[in-house]
K.L.:
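One structure, as structure tokens, below. Some questions next.
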Amino acid sequence: MSLRYSILASGSTGNSLYVESDEHSFLVDAGFSGKQMEAFFQHIDRDISKLSGIFVTHEHSDHIKGIGVLARKYKLPVFANEKTWQAMERLVGDIPLEQKMIFSTESVTSFGAVDIESFGVSHDAAEPMFYVFHHSGKKLVLITDTGYVSDRMKGIISNADAYIFESNHDVQMLRMGRYPWSIKRRILSDLGHVSNEDAAIAMSEVIGDNTKRVYLAHLSLDNNMKDLARMSVAQTLKSQGLIVGEQFDLYDTDPKVPTILTAV
């Protein structure tokens, strides 16, 4: 038995993660149209109608755009905390009451052998939270959309087998870029997004003996590049005594193309 996952898409334009065990399958966020989400599932040869549930991180459009459509069309349960439900209700449209599931922050819900743990992050949303998937001693962590990684978060996500970790922007690109200062300030704040270097410093404190794969996620379309993110993270990790390619490998994600289904 194993836990398998595909990062369907990740970036400032939209985000979605697919996770499955032998008995259950899950979607975390659906930041694309229903049609695009169906195309992603075709790409990985999986059936949306068989999902055990959609788990929501927060109400920003790049995470919830397709949730209402998928929930209604495929009669899927949607899991989110109360404040996120309140914030996104008008954005996702009518979802039958029996499909609205409350999943509180800092709690665990189980589906057979899979335990899904939620934890709060620091982001400018109602009550943003991300997830750790536990299965047969293996651990998969999704953490994006946070302005910083606190000691509490590090304790929850430490020594995972695989990380999908935000590496949103290069600070210099952001500072020199076209965004108005109000948006730059938001991104750089504790309620914004972590930079390549800050992500790597946080990674260096949580990567453990079990860690084999780290995916760089939620890259800004305007303020980052895959090669730059990978180089910056690898260099910072090296300065902390962690060599990419020895204990663990570093992988890209893409805003349009799913990663191959991979076992944790």
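Computed from heavy atoms alone, side chains included, the values below leave out hydrogens, waters and symmetry copies. Each residue takes its place number in the sequence, starting with 1.
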K.L.:
For a 4.5 angstrom cut-off between non-hydrogen side-chain atoms, does V114 reach H134?
P.N.:
no
K.L.:
At their closest point, which heavy atom of S239 faces which heavy atom of T236, and how far apart are they?
P.N.:
OG-O, 2.5 Å
K.L.:
Counting only N and O atoms by type, is there a donor-acceptor contact under 3.5 Å from the side chain of E127 to the main-chain atoms of E82?
P.N.:
no
K.L.:
Between H123 (side chain) and G192 (backbone), is there a donor-acceptor pair under 3.5 Å?
P.N.:
yes
K.L.:
Taking C-beta and beyond as the side chain, do F103 and T84 meet within less than 4.5 Å on heavy atoms?
P.N.:
no
K.L.:
Would you check if R175 and K184 make a side-chain contact, meaning some heavy-atom pair closer than 4.5 Å?
P.N.:
no
K.L.:
Tell me, do S16 and M37 make a side-chain contact under 4.5 Å, heavy atoms counted?
P.N.:
yes
K.L.:
I'd like to check the side chain to side chain donor-acceptor pair (under 3.5 Å) partners of R178; sequence neighbours left out, ordered by chain and number.
P.N.:
D222
K.L.:
By ring pair (Phe, Tyr, Trp, His ring centres under 6.0 Å), which residues pair with H24, not counting sequence neighbours?
P.N.:
F111
K.L.:
Is there a donor-acceptor pair under 3.5 Å between the side chain of R230 and the backbone N or O of L216?
P.N.:
no
K.L.:
Show, in sequence, the C-alpha distance, side-chain angles and deciding distance for L142 and T144, and conclude whether the side-chain contact (heavy atoms from CB on, under 4.5 Å) test is met.
P.N.:
CA-CA 7 Å; L142 172 66; T144 68; 4.3 Å; yes
K.L.:
Please say yes or no: joined through hydrophobic side-chain contacts below 4.5 Å, possibly via intermediate residues, are I54 and M129 part of one cluster?
P.N.:
no
K.L.:
Crowded around M231 CE? As in, over 12 foreign heavy atoms under 6.0 Å?
P.N.:
yes
K.L.:
So how far is it from K256 NZ to F32 CZ, rounded to the nearest 0.5 Å?
P.N.:
9.5 Å
K.L.:
Walk me through whether E106 and I156 qualify under side-chain contact (heavy atoms from CB on, under 4.5 Å).
P.N.:
CA-CA 10 Å; E106 315 287 345; I156 292 168; 3.7 Å; yes
K.L.:
Kindly determine whether V28 and F133 satisfy side-chain contact (heavy atoms from CB on, under 4.5 Å), including the steps that lead there.
P.N.:
CA-CA 11 Å; V28 181; F133 289 82; 3.7 Å; yes
K.L.:
Closer than 3.5 angstrom, by distance alone: can the side chain of S167 be matched with the main-chain N or O of A217 as a donor-acceptor pair?
P.N.:
no
K.L.:
Please check if V244 and Y251 belong to a single hydrophobic cluster, counting links between Ile, Leu, Val, Met, Phe, Trp and Tyr side chain heavy atoms closer than 4.5 Å.
P.N.:
yes
K.L.:
Of all the heavy-atom pairs spanning A80 and V56, show the shortest one and how long it is.
P.N.:
CB-CB, 3.9 Å
K.L.:
Contact between M203 and F165 at the side-chain level, heavy atoms closer than 4.5 Å - yes or no?
P.N.:
yes
K.L.:
Look at the side chain of S204 and the backbone N and O of I201, then say whether any donor-acceptor pair between them is shorter than 3.5 Å.
P.N.:
yes
K.L.:
Treating Ile, Leu, Val, Met, Phe, Trp and Tyr as nodes and any side-chain heavy-atom pair under 4.5 angstrom as an edge, say whether I187 and M173 lie in one connected cluster.
P.N.:
no
K.L.:
So, K83 side chain and A125 main chain: donor-acceptor pair closer than 3.5 Å or not?
P.N.:
no
K.L.:
Using 0.5 Å steps for rounding, measure from the NE2 atom of H169 to the CG atom of L228.
P.N.:
11.5 Å
K.L.:
What is the minimum heavy-atom distance between N168 and H218, and which atoms define it?
P.N.:
ND2-O, 3.0 Å
K.L.:
For the backbone of L76 and the side chain of Q99, can you confirm whether one donor and one acceptor N or O come within less than 3.5 Å of each other?
P.N.:
yes
K.L.:
What distance do H193 atom NE2 and D198 atom CG have between them, rounded to the nearest 0.5 Å?
P.N.:
13.5 Å
K.L.:
Honestly curious: do F248 and I164 fall in one hydrophobic cluster under the side-chain, below-4.5 Å linking rule?
P.N.:
yes
K.L.:
Suppose we screen for ring pair (Phe, Tyr, Trp, His ring centres under 6.0 Å). Which residues come up paired with Y5, at least two apart in sequence or across chains?
P.N.:
Y215
K.L.:
Within a strict 4.5 Å, meaning less than it, do heavy atoms of the L8 and F41 side chains meet?
P.N.:
yes
K.L.:
Report the distance from atom CG of L261 to atom OG of S6, rounding to the nearest 0.5 Å.
P.N.:
5.5 Å
K.L.:
Look at the side chain of Y163 and the backbone N and O of V206, then say whether any donor-acceptor pair between them is shorter than 3.5 Å.
P.N.:
yes
K.L.:
Output the distance between atom CG (L237) and atom OG (S232), rounded to the nearest 0.5 Å.
P.N.:
10.5 Å
K.L.:
Should the pair D22-R4 be classified as a salt bridge under the 4.0 Å nitrogen-to-oxygen rule?
P.N.:
yes
K.L.:
List the residues meeting side chain to side chain donor-acceptor pair (under 3.5 Å) with K50, not counting sequence neighbours, and say none if there are none.
P.N.:
D47
K.L.:
Testing the basics here: between F79 and S52, what is the closest heavy-atom pair and its distance to 0.1 Å?
P.N.:
CE1-O, 4.2 Å
K.L.:
Taking only residues two or more places apart in sequence or in another chain, which ones pass salt bridge (Lys or Arg N to Asp or Glu O under 4.0 Å) with E59?
P.N.:
none
K.L.:
Would you say that more than 12 heavy atoms from the other residues, nucleotides or ligands in this model lie under 6.0 Å from the NZ of K75, or not?
P.N.:
no
K.L.:
Under the side chain to side chain donor-acceptor pair (under 3.5 Å) rule, collect the residues that match up with S220, sequence neighbours excluded.
P.N.:
N223
K.L.:
Which heavy atom of S12 sits nearest to which heavy atom of L221, and what is that distance?
P.N.:
OG-N, 3.1 Å
K.L.:
Between Q247 and L242, is any pair of side-chain heavy atoms under 4.5 Å apart?
P.N.:
yes
K.L.:
Are L91 and V78 joined in one hydrophobic group, where the rule is that I, L, V, M, F, W and Y side chains link up if heavy atoms are under 4.5 Å apart?
P.N.:
yes
K.L.:
If you compare all heavy atoms of A160 against all heavy atoms of V141, which two are closest, and at what distance to 0.1 Å?
P.N.:
CB-CG2, 3.6 Å
K.L.:
Can a donor-acceptor pair be found between the side chains of S104 and N81 at a distance below 3.5 Å?
P.N.:
no
K.L.:
To the nearest 0.5 Å, what is the distance between OH (Y148) and OG (S195)?
P.N.:
15.0 Å
K.L.:
With respect to D29, which candidate in H58, H63, K65 satisfies the side-chain hydrogen bond (donor to acceptor under 3.5 Å, both in side chains) definition?
P.N.:
H63
K.L.:
Quick one: does any side-chain atom of N159 pair with a main-chain N or O of N210 as donor and acceptor, under 3.5 Å?
P.N.:
yes
K.L.:
From the options Y131, Y18, F130, select the one residue that forms a ring pair (Phe, Tyr, Trp, His ring centres under 6.0 Å) with F55.
P.N.:
Y131
K.L.:
So does D254 pair up with K226, basic N to acidic O under 4.0 Å?
P.N.:
yes
K.L.:
Less than 4.5 Å apart, side chain to side chain, heavy atoms only: is that true for D161 and K212?
P.N.:
no
K.L.:
Mind running side-chain contact (heavy atoms from CB on, under 4.5 Å) on L70 and I48 for me, showing each step along the way?
P.N.:
CA-CA 8 Å; L70 296 182; I48 293 179; 4.1 Å; yes
K.L.:
Where the side chain of T259 meets the backbone of I7, is there a donor-acceptor pair that is under 3.5 Å apart?
P.N.:
yes
